[in-house]
Engineer: 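This structure is in structure tokens; I'll ask about it shortly.
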Amino acid sequence: MQASDHSLEIAPGCLWFRDALDRAAQEQLVADIRAVIAQAPLFTPRMPRTGKPFSVRMTNCGPLGWVSDETGYRYQSFHPDTRRPWPDMPASLLALWAAHAAGAPPPEACLVNVYDAGARMGLHQDRDEDDLTAPVLSVSLGDTAVFRIGGAARTDPTRSARLSSGDVLRLGGASRLAFHGVDRVIAGSSSLLDGGGRINLTLRRVTVSA
DNA sequence: TAGTAACA
DNA sequence: CCAT
């Protein structure tokens, strides 16, 4: 991993570490995530109540994983289709947390979001964690995302930022409950992933530590 | 309300 | 017509 001293605060409490990961570190993460997907296949989450599918596919690693279906959003310890426990969190991700979320209790969930061509993510808050004091770390791999972030209210003004492969974003403090999403992914903007697309990793602490 | 469409 |  390559330490990035330079960070930009794009919203209060939201730190953008550009080029935090060099190419080798990105390739290591991709290899680790491929291994996770081999154990815990990508699934298509659905909206609570309506059952409308997301355009991104997901999986998780770590003791807990985020899932969504007609029942609602939740964290659970097993894959929704295979019913098997989520794979262990790779050392590369634990190192990333140590480097960019120092002082926070260990991460319990890494949500893997796979954006194929045309996939988007509507504006939302990460608020299903019991521990809302720990930051959320977001890692961008592959094609550039046109990311949007606002404030804690849905109607707050938003700004956009292009998140490139290797960027790390930390949502903490006042931005921990900021609405955010991905307007679109710029096809062909990265050579990291065979076949293109984008992988986003979000590392979260879920339970309140003693 | 992590979805979309419709509308002012 | 486009953006919100």
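Residue numbering restarts at 1 for every chain, and letters A, B, ... go by the order of the sequence lines.
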Engineer: Can you name the nearest heavy-atom pair linking Cys61(A) to Leu93(A), along with the distance?
Structural biologist: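 What the structure gives for the nearest pair is SG-CD1, 4.0 Å.
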Engineer: May I have the distance from Tyr115(A) (atom OH) to dG3(B) (atom C1'), rounded to whole angstrom?
Structural biologist: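 After rounding, the gap between these two atoms is 14 Å.
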Engineer: Hey, does Arg46(A) reach any base, or is it just sugar-phosphate, or nothing, if we go heavy atoms under 4.0 Å?
Structural biologist: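 The residue Arg46(A) makes no contact with any strand.
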Engineer: Measure CZ/Phe54(A) against C1'/dT1(B) and give the value in whole Å, please.
Structural biologist: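 To the nearest whole Å, that distance equals 11 Å.
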Engineer: Heavy atoms under 4.0 Å, any strand shown: does Arg127(A) hit a base, just sugar-phosphate, or nothing?
Structural biologist: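 Here Arg127(A) touches no strand at all.
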Engineer: Separation of Asp156(A) atom CG from dT4(C) atom C1', in whole Å?
Structural biologist: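 Interatomic distance, CG of Asp156(A) to C1' of dT4(C): 16 Å.
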Engineer: Say you pick atom P in dA8(B) and the same atom in dG3(B); how far apart are they, in whole Å?
Structural biologist: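 To the nearest whole Å, 25 Å.
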Engineer: Measure from CG on Leu123(A) to P on dT4(C) and round the result to the nearest Å.
Structural biologist: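 One finds 13 Å between P of dT4(C) and CG of Leu123(A), rounded.
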Engineer: Using atom types as modelled and distance alone, determine if a side-chain donor or acceptor of Arg170(A) lies under 3.5 Å from a backbone N or O of His100(A).
Structural biologist: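 Checking the backbone N and O of His100(A) against the side chain of Arg170(A), a donor-acceptor pair under 3.5 Å is found.
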Engineer: By the 4.0 Å heavy-atom rule, please label Arg204(A) as base, sugar-phosphate, or nothing.
Structural biologist: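 Base: the residue Arg204(A), judged by heavy atoms under 4.0 Å, touches a nucleobase.
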Engineer: Surrounding CZ of Arg49(A) (heavy atoms of other residues, nucleotides or ligands, distance under 6.0 Å), is the total greater than 12?
Structural biologist: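 Atom CZ in Arg49(A) is not crowded, with 12 or fewer foreign heavy atoms closer than 6.0 Å.
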Engineer: How many whole angstroms separate atom CZ of Arg159(A) from atom C1' of dA3(C)?
Structural biologist: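 Going from CZ in Arg159(A) over to C1' in dA3(C) covers 19 Å.
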Engineer: To the nearest Å, give me how far apart CD (Gln125(A)) and P (dG3(B)) are.
Structural biologist: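 Roughly 14 Å, once rounded to whole Å.
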Engineer: Is a side-chain N or O of Thr202(A) found less than 3.5 angstrom from the main chain of Leu137(A), in a donor-acceptor match?
Structural biologist: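 Pair absent, no side-chain N/O of Thr202(A) close to backbone of Leu137(A).
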Engineer: Please determine, for the side chain of Arg49(A), which listed nucleotide (dG3(B), dT1(B), dT4(B)) has the closest atom?
Structural biologist: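 Nearest to the side chain of Arg49(A) among the choices is dT1(B).
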Engineer: Identify whether any heavy atom of Asp128(A) sits under 4.0 Å from a base atom; if not, whether one sits that close to sugar-phosphate; answer base, sugar-phosphate or nothing.
Structural biologist: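 Asp128(A): base contact, heavy atoms under 4.0 Å.
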Engineer: Using atom CG of Asp183(A) as one end and atom C1' of dC2(C) as the other, report the distance to the nearest whole Å.
Structural biologist: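 After rounding, the gap between these two atoms is 15 Å.
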Engineer: For the side chain of Glu108(A) and the backbone of Thr207(A), is there at least one donor-acceptor N/O pair under 3.5 Å apart?
Structural biologist: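 Answer holds: yes.
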Engineer: Figure out the NE2/P separation between His180(A) and dT1(B), and round it to whole Å.
Structural biologist: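 Checked: the NE2 to P distance equals 15 Å.
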